[in-house]
> 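The structure is given below, and queries will be raised subsequently.
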Amino acid sequence: MKNHPIRYWAPAILWGLIVLILSTLPGEDLPKLEWADLFRVDKIVHTTFYSGFVFLLLWGYFKTRGGVPPFAAAILFCSLFGASMEVIQKYFIIGRSFEWLDICANIFGSLLGGLVFWLYYRKKALRFVV
């Protein structure tokens with residue numbers, strides 16, 4: 001049971017659930033940060049959430065299946081997940097709204113997570129070649 005594949009997928013699953021829960025909280029339940037608009041902290045949060053999501057999905061794949069991870073599929077999945085969360089917020093979550101810039105931050109984060117994992121993967125792959 002020590003090397004069960006779920007142990008490699010669990011971080012991505014848990015991270016996705018955290019993103020889902022935080023994305024569907026009603027607006028009044030979110031902390032009010034007046035200074036946040038100055039630095040666009042929410043865009044950094046979106047970028048961080050989605051870069052982590054892609055990285056963890058690719059890590060789970062790499063650890064359980066080996067070989068070249070499906071970078072494009074992970075980036076596309078997380079980008080679509082992020083866009084879906086914005087639509088859900090607009091139509092189903094009280095006090096939340098749809099923002100194109102949030103979708104852009106989600107996509108950027110997904111790409112960033114893919115890039116960071118690619119750098120990690122490349123380093124690991126080079127160790128096996130040398």
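These numbers come from the heavy atoms of this one structure, side chains and all, not from hydrogens, waters or symmetry mates.
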> Roughly how far, to the nearest 0.5 Å, is the CG atom of L112 from the OH atom of Y50?
14.5 Å
> Show which residues join L80 in its hydrophobic cluster (side-chain heavy-atom contacts under 4.5 Å, direct or indirect), or state none.
L76
> What heavy-atom pair brings G113 and V54 nearest, and what distance separates the two atoms?
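Reported closest heavy-atom pair: C-CG1, 3.9 Å.
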> With sequence neighbours excluded, what pairs up with L111 under the side chain to side chain contact (heavy atoms under 4.5 Å, CB included) test?
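Result, side chain to side chain contact (heavy atoms under 4.5 Å, CB included) vs L111: I75, I107.
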> Do any side-chain atoms of residues 11-26 form donor-acceptor pairs under 3.5 angstrom with protein atoms, and if so which ones, sequence neighbours left out?
| from | atom 1 | to | atom 2 | distance (Å) |
| --- | --- | --- | --- | --- |
| W15 | NE1 | F49 | O | 2.7 |
| S23 | OG | V19 | O | 2.7 |
| T24 | OG1 | L20 | O | 2.9 |
| T24 | OG1 | I21 | O | 3.3 |

> Quick one: does C78's side chain get under 4.5 Å of L57's, heavy atoms only?
yes
> Can you measure from NZ (K43) to CG (D102) and round to the nearest 0.5 angstrom?
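Answer rounded to 0.5 Å: 3.5 Å.
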> What is the ring orientation for F71 with Y121, classed by angle as parallel under 30°, tilted 30 to 60°, or perpendicular over 60°?
perpendicular
> Determine whether F98 and I103 make a side-chain contact, defined as any pair of heavy atoms from C-beta on separated by less than 4.5 Å.
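The answer is yes; the side chains approach within 4.5 Å.
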> Decide yes or no for F117 and P69: does some side-chain heavy atom of the first lie under 4.5 Å from some side-chain heavy atom of the second?
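A side-chain contact exists here, since the closest heavy-atom pair is under 4.5 Å.
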> Answer whether the closest heavy-atom distance between the side chains of E99 and S97 falls below 4.5 Å.
yes
> Can you confirm whether F108 is buried at CZ, in the sense that more than 12 heavy atoms of other residues, nucleotides or ligands lie under 6.0 Å from that atom?
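No, CZ of F108 has 12 or fewer neighbouring heavy atoms, counting only those of other groups under 6.0 Å.
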> To the nearest 0.5 Å, how far apart are CD in E86 and SG in C104?
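That separation rounds to 10.0 Å.
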> By the side-chain hydrogen bond (donor to acceptor under 3.5 Å, both in side chains) test, which pairs, at least two apart or in different chains, include something from residues 54-77?
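Sorted result for residues 54-77: W9-T64.
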> Are the side chains of K90 and M85 in touch, meaning some heavy atoms are under 4.5 Å apart?
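When only atoms from C-beta onward are counted, M85 and K90 do not touch, as no gap falls below 4.5 Å.
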